Protein chains: 2
Amino acid sequence: MSRPPQQAPSVSTVAQAAGVSRQTVSNVLNAPHRVRPETRAKVEAVISELGYRPNRVARSLRTRSTHLIGYCVGGDNPLLDRFLHAMSTAAGERGYHLVLFTAPAGEAGLPAYQDLLARNTVDGFVLSETTVGDRRQQWLADQGVPFVAFGRSWTPPEAGSWVDVDGAAGTSAATEHLYEHGHRRIGFVGWPPGSGSGDDRLSGWRAACHRLGLDDRPAAHGENGIEHGRALTAELLAGPTPPTALVCVSDVMAVGALQASREAGTGLAVVGFDDSPIAALPGVDLTSVRQPVERIGRDVLRLLLDHLADPAHPRQRVLLKPSLVPRASSTNPTG
Amino acid sequence: MSRPPQQAPSVSTVAQAAGVSRQTVSNVLNAPHRVRPETRAKVEAVISELGYRPNRVARSLRTRSTHLIGYCVGGDNPLLDRFLHAMSTAAGERGYHLVLFTAPAGEAGLPAYQDLLARNTVDGFVLSETTVGDRRQQWLADQGVPFVAFGRSWTPPEAGSWVDVDGAAGTSAATEHLYEHGHRRIGFVGWPPGSGSGDDRLSGWRAACHRLGLDDRPAAHGENGIEHGRALTAELLAGPTPPTALVCVSDVMAVGALQASREAGTGLAVVGFDDSPIAALPGVDLTSVRQPVERIGRDVLRLLLDHLADPAHPRQRVLLKPSLVPRASSTNPTG
DNA sequence: ATATATTGTGCGACTAGGAGT
DNA sequence: CACTCCTAGTCGCACAATATA
């Protein structure tokens, strides 16, 4: 049954069996138009008979392209599983694969990127968890390394391509949604200033408030975390102009906000950001701004592969609109 | 600033710069004891000066080992991010990397595994989402492909090594925990029979009930999902012997159970399984059986790398004990 | 000159066997 | 015969230049 670990067939094996030269076999695979149809048919027959498949390693050595893409795991992205699946699928469709690695956050992780490159392990990178002052983009661009980021490079000059979600548009929509439900004092719970996407989301809320003519704009900022969200919200509720509704920078913060609202007995309306799995839970029912993660994954990979196929390909920036998923936390708040 | 994409140094480059032969450079890296200390020092100096790193592709071609491990993403594992991170870290420490790919579930996915192998893309695989009747293990074993599974092969004969969590021990502990809190009618909400880990968890609950002398053992089974968990629990609560406490096969089911309990106004005590992020949420506060995912990831990789280093290495089975994380859902149920 | 098939060469590392002390 | 080092050959593929019709 289980065949002994026999040597896998190579071009030579196939060539011999088909009565042609190695190169003809190679041509059948890489330049079929150069081969006479009858010859091609014969070679293809032998190929499928022997189950021959080109050795990727040998091909990589010759072509200097591994068809492998590096991705660093380690951040606490609540959407990681969906993102990885989307990228893997998109990569697989074009003969590429994702290679995972770990590295310290930010600049301290650069040696890991460099190592992967210097050893010819990957052709390029997908970045995520981009931050203000992130030096990875510039560094990679300087080295001429193909990469695409999920997330803008918040620090100009912008180097390389990226795909991102328009967070400001998301929080604007959230603010308008709350306005339409009758709220006039709409607050914000965010991250500490300087976080790029956090500031972006903050700005969307601010702009919408301005457009809508809302003056009282209670806001509080702190690290991500349910407990922080709870404490910040409690502060706002105890403040001089307590909000009746809250836009939150993340679902995690929003869950904390809901908790504070319950404790205070106020029917605070809350909107979160990410539409992570926790938002849909019964008893949470959190209205949230949904990021089109599958789309992001596909687009990130498309841009990268375009770039890989043609290094002169112009850089691209793709800004995707998020969508609001309404649930009870904003339309029918309890507490 | 940005150097032109100059050719990366190779053994020859280093050899020339150090005034030795290519082979001596290779020896310095792979068999230092064969090189005179002074020569070694000189070569090492040149290596670090030029920033030379061996090309993995060339090495792979020669040694027939890519130091890459395949892992199929696609299931709905709520612990995927932790698992991937743990494996990536463990792999990186020994010079390996994880390669992601997608494939249809079960046997239909085998061509994807075969393709990765035939093209020499990976040295072996990590399997997860193992099921009853899963033919991947036997198939891989027949081909002599190194692999380790997260999850037992539920169908004998067991082929290959695996690491798994003792689900029965987890549900036993959960049952005893509920017993200690005064409950005598402890039910179970599970998956449809035939799911391996589901049956395992069921058996632990059953055994514990038997040991504790509990006769009434209301149980219900259905697909995973909050809504299913809710419906199944509602059935049990409306049945002839309504439970006062419930052991659930997953956190998702448990959340549904809590919902049903609230709706029925009974203070049902509930324990879930996985300790996924939702368990710790305020308002959920779900007691849950925690899987040591980081440990599993590390162990899976350790077994696989041992096997890779020595194909004659005996197969191993590692069964890890889960731990109970008590929260309010069991100690202070509301509803 | 066109279409097709063939040989030679090198990608960058490792393995084997031989030469010099 | 150790110890150290080197030359030659190999992995599987693809690019280039060449041969045959």
Side-chain angles (χ1 to χ4, degrees), chain A residues 5-44 46-47 50-68 95 116-123, chain B residues 5-44 46-47 50-68 95 116-123:
Chain A
Q6 66 185 42
Q7 185 65 356
S10 74
V11 267
S12 303
T13 321
V14 175
Q16 205 160 8
V20 298
S21 72
R22 296 167 306 171
Q23 187 50 27
T24 300
V25 177
S26 179
N27 281 337
V28 167
L29 294 168
N30 302 314
H33 63 280
R34 298 178 153 266
V35 181
R36 186 155 36 111
E38 303 94 77
T39 315
R40 195 166 89 198
K42 187 170 65 177
V43 172
E44 279 170 346
V46 174
I47 285 178
L50 297 181
Y52 167 75
R53 288 190 181 79
N55 183 324
R56 282 178 62 134
V57 175
R59 174 175 286 181
S60 292
L61 180 58
R62 192 65 179 91
T63 64
R64 308 182 152 286
S65 142
T66 60
H67 281 210
L68 258 27
L116 250 15
L117 283 173
R119 306 185 118 90
N120 270 271
T121 305
V122 300
D123 291 345
Chain B
Q6 65 185 46
Q7 186 63 357
S10 76
V11 268
S12 303
T13 321
V14 175
Q16 205 159 9
V20 299
S21 74
R22 293 171 308 174
Q23 185 48 28
T24 300
V25 177
S26 179
N27 281 337
V28 167
L29 294 168
N30 303 312
H33 63 279
R34 298 179 154 265
V35 181
R36 187 155 36 110
E38 303 94 77
T39 316
R40 196 165 90 197
K42 186 170 64 178
V43 172
E44 279 170 345
V46 174
I47 285 178
L50 297 181
Y52 167 75
R53 288 189 179 82
N55 183 324
R56 281 178 63 134
V57 175
R59 174 176 286 180
S60 292
L61 179 59
R62 192 62 180 94
T63 64
R64 310 184 152 285
S65 142
T66 61
H67 281 210
L68 258 26
L116 250 15
L117 282 173
R119 307 185 116 91
N120 271 274
T121 305
V122 301
D123 291 345

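Chain naming here is simple, since letters A, B, ... match the order of the sequence lines and numbering starts at 1 in each. If you're wondering where the values come from, they're calculated on a predicted model, not measured in any experiment.
No contact: B:S60 has no heavy atom under 4.0 Å from any strand. Using a 4.0 Å heavy-atom cutoff across all strands shown, B:V20 reaches sugar-phosphate atoms only and no base atom. Here A:N120 lies out of heavy-atom contact (under 4.0 Å) with every strand. Residue A:V57 is out of contact with every strand shown, counting any heavy-atom pair closer than 4.0 Å.
Atom CZ in A:R64 sits about 8 Å away from atom C1' in C:dG12, given to the nearest Å. In this structure, the NE2 atom of A:H33 is 10 Å from the P atom of C:dA3, given to the nearest Å. Separating the CG atom of A:L29 from the P atom of D:dG12 is a distance of 16 Å, rounded to the nearest angstrom. Atom CG in A:L61 sits about 12 Å away from atom P in C:dC14, given to the nearest Å. Per the geometry, CG belonging to A:N27 stands 15 Å off P belonging to D:dA17, to the nearest Å. Distance, A:R59 CZ to D:dC11 C1': 16 Å, rounded to whole Å.
A donor-acceptor pair is defined here as one N or O able to donate and one able to accept, closer than 3.5 Å; no such pair exists between the side chain of B:R22 and the backbone of B:A15.
Here the nucleotide nearest the side chain of B:T63, chosen from C:dC14, D:dC13, D:dT7, is C:dC14. Of the candidates C:dG12, D:dC13, D:dT7, D:dT7 carries the atom nearest the B:Q23 side chain, counting heavy atoms from C-beta on. Here the nucleotide nearest the side chain of A:R22, chosen from C:dA13, C:dA5, D:dA14, is D:dA14. Counting only heavy atoms from C-beta on, A:T24 has its side chain closest to C:dA5 among C:dG12, C:dA5, D:dC5.
Here the side chains of B:S65 and B:H67 are in contact, with some heavy-atom distance below 4.5 Å. B:N55 is not listed as a side-chain neighbour of B:V11, based on a closest heavy-atom distance of 4.5 Å or more. Contact of the B:T66 side chain with the B:T121 side chain is not registered, since no non-hydrogen atoms from C-beta on lie closer than 4.5 Å.
Checking the phosphate oxygens (OP1, OP2) of C:dC11, no side-chain nitrogen or oxygen of B:S10 falls inside 4.0 Å. A close approach under 4.0 Å does not occur between any side-chain nitrogen or oxygen of A:R36 and OP1 or OP2 of C:dA3. Residue A:S21 places no side-chain N or O under 4.0 Å from the OP1 or OP2 atom of C:dT7. Considering only side-chain N and O atoms, A:R119 lies nowhere under 4.0 angstrom from the phosphate OP1 or OP2 of C:dA13.
Closest approach of B:A17 and B:V46 over heavy atoms only: CB-CG1, 3.7 Å.
Below the 3.5 angstrom threshold, one finds no donor paired with an acceptor across the side chain of B:R62 and the base of C:dA13.
Comparing A:R34 and A:S12, the nucleotide of DNA chain D nearest to each residue sits closer to the 5' end for A:S12. With DNA chain C read from its 5' end, the first of the two nearest nucleotides for A:P37 and B:N55 is the one closest to A:P37.
Across the strands present, D:dA16 finds its partner in C:dT7; the criterion is a Watson-Crick or G-U wobble pair with both atom distances under 3.5 angstrom.
Counting heavy atoms of neighbouring residues, nucleotides and ligands inside a 6.0 Å radius, atom CZ of B:R34 does not exceed 12 of them.
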